[in-house]
Amino acid sequence: MTFRQQHLLGIEPLHPSEITTILDLADSYADQNRRNVRHEPILAGMTQINMFFENSTRTQASFELAGDRLGADVMNMAMQASSIKKGETLIDTALTLNAMHPDLLVVRHPHSGAVDLLSQKVNAAVLNAGDGRHEHPTQALLDALTIRRAKGRLHRLSIAICGDIAHSRVARSNIMLLGKMENRIRLIGPPTLMPSGIADFGVEVFEDMEEGLRDVDVVMMLRLQKERMDGGFIPSEREYFHRYGLDAEKLQFAKPDAIVMHPGPMNRGVEIDGNIADDINRSVIQTQVEMGVAVRMAAMDLLAQNLRAARKPDGVMV
Ligand code: NCD
């Protein structure tokens, strides 16, 4: 088993064998979660603080549940009501928290790079729960586990990522992870929502859904990230759905057994037709949520092991 990281800041620094280590452990947690097995209190005596400077439903809930299931003391900082609103800087907040000696810090922040910066100021293991449009590593890992369980493998698959690539940290982390595991990645979307220079990442770029979806194994839809747009990137939501929204007609171009994914929150009738999202024969959207808890348990378990190994018996960092 190999996992050498002190923090989980992104997919970029991970070796493929580290990705496999997380997924293998998460796989067994997913099975245990289904069987309702009582978990070993791997994180007993450890304190996990969740700091979400940006709204979140499933990510925060699943980190909280993951910590609870492993026996950690979990605290959610109410960042909306906190001293950030009174003008405190990120670093001062970090130092304040650090003085409370947390072991695991789960951070979501609207600025790319903020979580990385924070990790340099604290003694805890830091998990990036999404920073701006940069990375969202646990989302890419849960997507990978969902694909591996549905398709029986995580290599040599043809995977389409569709929609608002430019503003999406989910897309960035997935492009890196699926690329490291040697899959063929196709990006589909309007040129206004495609980051410049993206073809250098070893992906194929398409403007047209019919062309891009042809014979793919996996169709991953993305939300239009309106909160990160400062102007008109699309003519109208109606027009966008017509050209890029996934419906039964467009899905026909993919392989007959292609699975449909979405990280949530979904905008039905904008990037995805509600009937496709609810089709239990094609959509694995609920499985993604389920795998999210297992992946976060695995990531925190592995980081806690490294944290313990790095500490002297008296709890001080070596
Ligand atoms: C994503 C996020 O916050 O980056 N959601 C999530 O974590 N499940 C995607 C999104 O907001 O569209």
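Remember, it's 1-based here, ligands and their atoms both numbered in the order they're listed. Throughout, numbering of the chain's residues begins at 1 and tracks the sequence.
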In terms of residue, atom name and distance, what is the protein heavy atom nearest to atom 3 (O) of ligand 1? R169 NH2, 3.0 Å

Without hydrogens or angle criteria, can the side chains of R133 and S168 be said to hold a donor-acceptor pair below 3.5 Å? no

If we ignore angles and hydrogens, is there a donor and acceptor under 3.5 Å between the side chains of S62 and R296? yes

R108 heavy atoms, cut-off 4.0 Å: which ligand 1 atoms fall inside? 2 (C), 3 (O), 7 (O)

Output the list of atoms in ligand 1 that are nearer than 4.0 Å to some heavy atom of R223, sorted by atom number. 10 (C), 11 (O), 12 (O)

Under 4.0 Å from a heavy atom of V170: give me the atoms of ligand 1 that qualify, with their elements. 1 (C), 4 (O), 9 (C)

H39 and N33: side chain donor to acceptor below 3.5 Å: yes

Check ligand 1 against Q139 and write out every atom of the ligand that is under 4.0 Å from a heavy-atom position of the residue. 6 (C), 7 (O), 8 (N)

Measure the distance from atom 6 (C) of ligand 1 to every protein heavy atom, then report the residue, atom name and distance (to 0.1 Å) of the closest one. G264 O, 3.5 Å

Regarding ligand 1, does T59 bring an N or O atom to under 3.5 Å of one of the ligand's N or O atoms? yes

What atoms of ligand 1 come closer than 4.0 angstrom to any heavy atom of H136? 2 (C), 4 (O), 6 (C), 7 (O)

Going by distance alone, is a donor N or O of one side chain under 3.5 Å from an acceptor N or O of the other, for E18 and T2? no

How far apart are the closest heavy atoms of M176 and E135, and which atoms are they? CE-OE2, 3.4 Å

Ligand 1 contacted by P263 (non-hydrogen, < 4.0 Å): yes

I need the atoms of ligand 1 closer than 4.0 Å to a non-hydrogen atom of R58, numbered in the order shown. 8 (N)

Pair H109 and F52, ring centroids less than 6.0 Å apart: no

Taking the non-hydrogen atoms of E54, is any one of them nearer than 4.0 angstrom to ligand 1? no

Side chains of E227 and H167: do they bring a donor and an acceptor to under 3.5 Å? no

Cationic tip of K226 within the cone over Y240's six-membered ring, i.e. under 6.0 Å and within 45° of the normal? no

Proximal ligand 1 atoms for Q225, defined as those under 4.0 Å from one of its heavy atoms: 9 (C), 10 (C), 11 (O), 12 (O)

